[in-house]
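See structure below.
What's counted below: heavy atoms across the whole structure, side chains too, no hydrogens, waters or symmetry copies. Letters A, B, ... are given to chains in the order of the sequence lines, protein chains preceding strands, and every chain is numbered from 1.
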Amino acid sequence: MSKIHFEDVEIGDEIDPVRQNVTPRQLVQYAAVSQDFTPIHYNTAYAQGAGHDDIIIHGALKTALLSQMLADWAGDIGALKMLETSYRGIDLAGEISCTGSVTDKRVEDGIGLVDIDVQFRNSEGSITTPGKATVALPKRD
Amino acid sequence: MSSVVTEEMRSFIGAESPPITYCVSHREIARFNAAIRGELPPVESDPESHGNPRLLEANPLILRSFISAPFDPPFPEPFHDVLDGGSSFEFIRSVVAGDEITVVREMQDVFEKSGRFGPMLFKISEVRYRDFAGQLVATQQSTSISYGRPAGSV
């Protein structure tokens with residue numbers, strides 16, 4: 001786990017990306033832990049009946065993967081303060097990636113805050129879920 | 001063409017769901033975190049592993065598994081199929097093992113748009129998560145979209 005400090009971050013910095021193969025098994029596993037048993041996430045015939053090509057990734061799982069990327073980057077003593085996502089595309093199970101870059105940094109009430117644009121990308125690299133986040137990082141002084 | 005949004009639906013704007021409380025276990029956190037990382041769930045989680053606080057700290061999105069209770073009376077949902085339109089979270093603190101989280105949802109808006117699936121009903125709500133002491137842990141602004149087949153048809 002990294003121990004990044006507020007002073008280490010510059011506007012334009014890239015967040016360490018996450019690449020993952022989201023499998024049907026993971027979608028079933030996520031359905032179980034999230035209590036979201038909507039069948040479009042694990043039943044192909046049902047998903048096709050609802051107008052999709054195949055089973056699709058839960059929107060909240062996409063947000064959770066983005067939050068995990070940010071939590072891993074922030075390290076043990078950083079904290080995710082805000083995360084906003086907009087689901088603009090349907091994602092089928094398969095290879096995905098999460099990316100992000102720093103857009104601003106500031107100090108409020110003595111706390112170092114870093115604003116980050118985040119992106120959830122499908123297997124072709126297209127952004128299907130853009131978002132914004134704010135992470136609190138410890139200061140050295 | 002008539003709107004799918006009825007006066008009865010609009011009457012839910014400002015309504016709050018009954019509170020519901022979830023007790024968060026170390027095992028539940030371990031299983032949730034494994035599901036996000038695409039790992040098989042641990043056969044057992046070690047509650048003695050307090051040396052690393054990350055082992056007890058949940059992925060922030062575990063909050064989504066703490067589902068709010070249905071509105072009473074229930075919202076008159078016209079469609080069967082549902083999509084998640086997006087969300088905005090403010091996190092005040094992390095969820096840890098031993099937390100008791102109480103969830104209340106407030107309906108904030110109901111409106112209609114037309115999309116590739118035909119008429120779609122958008123519901124905007126704010127979900128508030130509070131701990132045992134009544135302190136706010138997080139809030140979520142969420143957009144739920146229903147569309148397609150009539151409710152009760154599948």
In A/L65, A/I15, A/V118, A/D16, the residue satisfying side chain to side chain contact (heavy atoms under 4.5 Å, CB included) with A/C98 is A/L65
- Is any side-chain N of the basic residue among B/R130 and B/D99 closer than 4.0 Å to the acidic one's carboxylate O? no
Practice item. Find out whether B/I62 and B/I29 are in side-chain contact, i.e. whether some heavy atom of one side chain is under 4.5 Å from a heavy atom of the other. Key: yes
Under 4.5 Å to a heavy atom of chain B? For A/R88 that would be neither
Should the pair B/R93-B/D131 be classified as a salt bridge under the 4.0 Å nitrogen-to-oxygen rule? yes
- Are a donor atom and an acceptor atom from the side chains of B/S144 and B/D84 found within less than 3.5 Å of each other? no
So, the part of B/I92 with a heavy atom under 4.5 Å from chain A: the answer is backbone
Exercise for review: For atom CZ of A/F37, decide whether the heavy atoms of other residues, nucleotides or ligands shown that lie under 6.0 angstrom number more than 12.
Suggested key: yes
Turns out that what part of B/A34 lies under 4.5 Å from chain A's heavy atoms comes down to both
Under 4.5 Å to a heavy atom of chain B? For A/L83 that would be both
So, the part of B/Q140 with a heavy atom under 4.5 Å from chain A: the answer is neither
When the 4.5 angstrom heavy-atom criterion is applied to A/I56 and chain B, the contacting part is side chain
### Task
Anything under 30° is parallel, anything over 60° is perpendicular, the rest tilted; go ahead and classify A/H58 against A/H41.
parallel
Bottom line for A/H52: the part with an atom under 4.5 Å from chain B's heavy atoms is side chain
So, the part of A/L27 with a heavy atom under 4.5 Å from chain B: the answer is neither
Cut-off 4.5 Å, heavy atoms of chain B, and the answer for A/Q35 is both
Scored by heavy-atom pairs under 4.5 Å with chain A, the best of B/S142, B/G85, B/P60, B/S94 is B/G85
Q | Greater than 12 external heavy atoms within 6.0 Å of A/R140's CZ | A | yes
Applying salt bridge (Lys or Arg N to Asp or Glu O under 4.0 Å) to A/K132 and A/D104, what does each step give before you reach the verdict?
CA-CA 11 Å; A/K132 295 182 179 299; A/D104 197 10; over 6 Å; no
Among residues 65-79 of chain B, residues within the sub-4.5 Å heavy-atom range of chain A, in order of number, are B/S65, B/I67
